[in-house]
Amino acid sequence: MTARRRDLSILTRAVHAGEPEPRVEGALVQPVFQTSTYETAEDTGYHDIPYLRLNNSPNHVALHRKLADLEGAEDALVTSSGMAAIYTALLSVLDSGDHLLAQRGLYGGTHTLLTQDLPALGIGCDFVDLQDADEWRAALRPNTKAFYIETITNPLLNVGDLPGVAAFAREHGLASLIDNTLASPVNCNPLALGFDLVLHSATKYLNGHSDLVAGVIAGSGALVSRCKHKLDHFGGTLDPHACFLLQRGMKTLPLRVAQQNATTLALAGFLESHDAVSGVYYPGLASHPDHDRARNLLRGFGGMLSFDHAGGGRGAREMIRRLELVTRAVSLGGVETLVTMPAASSHAGLSPAERREIGIGDGLVRLAVGIEGADDLAADLERALSVAEPA
Ligand code: PLP
């Protein structure tokens with residue numbers, strides 16, 4: 001299925017899109033091409049030389065086609081991590097002396113990149129509230145070149161005015177970039193909303209099995225090609241075996257995410273009615289401030305939720321120690337349910353004042369829901385939440 005077939009279900013495209021035609025030696029599953037270099041035709045241009053660092057092995061090519069299909073993109077590029085995708089994409093649209101707008105409340109690693117690493121390269125950033133277009137306008141400078149946001153933020157699960165950001169960026173000649181990790185292509189395709197580049201930590205839902213680290217950039221052929229050239233220079237290529245695992249993991253992406261959407265919605269409802277929980281953040285709940293927007297923009301609300309433990313940081317830590325099925329670990333989007341306290345993990349790089357400013361309290365618990373049974377997960381949470389606090 002080399003031609004993109006948007007009329008086919010995502011279930012079908014996840015399995016068949018991008019797979020080699022004809023099959024390699026008839027193999028149903030594409031083999032791993034564990035070779036760093038290939039016999040090369042005379043006069044091949046640098047970026048087309050078949051060499052592993054240049055992101056063009058058969059494992060890369062198949063993966064790029066599947067990723068592009070699922071995101072509705074002309075082209076896609078896989079990278080050695082989500083951060084490699086973010087860094088490569090940003091440095092493909094920004095130069096020293098440029099400035100970008102970014103959403104407040106981004107993933108902590110991206111926040112650190114924007115506040116510490118890019119300024120060292122002479123690239124400035126201002127954070128804006130996605131609910132307030134006046135603030136975007138006020139923050140624009142003559143050297144502003146990009147607008148960077150996330151489809152669903154981590155860990156408070158906010159959903160901004162995505163088409164509004166894309167239209168604003170177009171109006172002001174900015175490149176629009178969006179990290180679609182938390183939604184996955186199953187729940188949202190931001191290119192269809194007008195964004196220029198969509199990024200993923202493929203470590204999460206796309207792979208889904210917590211056994212590799214990878215990233216994705218998808219968009220127009222011209223922009224992805226610009227990013228590929230940067231990545232070729234930076235050297236952030238994905239190993240062929242990891243490509244193979246990611247290609248395999250993506251075949252079950254729609255099944256996994258549909259289950260994660262359903263289980264997380266059920267758990268959010270359960271937690272919302274629990275006495276030991278003082279607040280739940282999940283865009284699928286009517287109580288979430290962005291619920292209406294999420295219903296319009298997303299096909300599902302995703303597999304992550306957060307909640308405030310009524311007992312604060314101490315109560316949350318005690319509860320996490322008592323969980324039996326759910327594992328304390330960073331990351332998300334895998335088949336196993338994981339729990340973290342953002343103040344001590346994804347957002348540990350922020351100062352306490354910065355965390356308070358974006359609403360991350362000490363008792364905030366983040367649940368990255370896997371594909372276990374919803375009743376079993378609810379029972380584990382119930383047991384852990386219900387044990388009385390010692391006096
Ligand atoms: N974007 C989001 C939303 C994330 O949650 C993460 C990692 O947790 C990243 C990007 C970075 O991805 P990676 O760890 O694959 O570099």
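Numbers for residues simply follow the sequence, beginning at 1. Whatever order the structure lists them in is the order used to number ligands and atoms, beginning at 1.
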Say whether Asn180 and Glu71, considering side chains only, have a donor N or O and an acceptor N or O under 3.5 Å apart. yes
Taking only Lys NZ, Arg NE, NH1 and NH2, and the carboxylate oxygens of Asp or Glu, determine whether Glu135 and Arg104 approach each other closer than 4.0 Å. yes
salt_bridge(Asp69, Lys66) N-O dist < 4.0 Å: no
Just to be sure I understand the cut-off, which residues have at least one non-hydrogen atom under 4.0 angstrom from an atom of ligand 1? Ser81, Gly82, Met83, Ile86, Tyr107, Asn154, Asp179, Thr181, Leu182, Ser201, Thr203, Lys204, Val213, Ala214, Leu332
Modelled atom types, side-chain donor and acceptor of Thr337 and Glu372, under 3.5 Å: yes
Taking the ring centre of each residue, are His200 and Tyr205 less than 6.0 Å apart? no
Pairing of Arg322 and Glu318 as salt bridge, 4.0 angstrom limit: yes
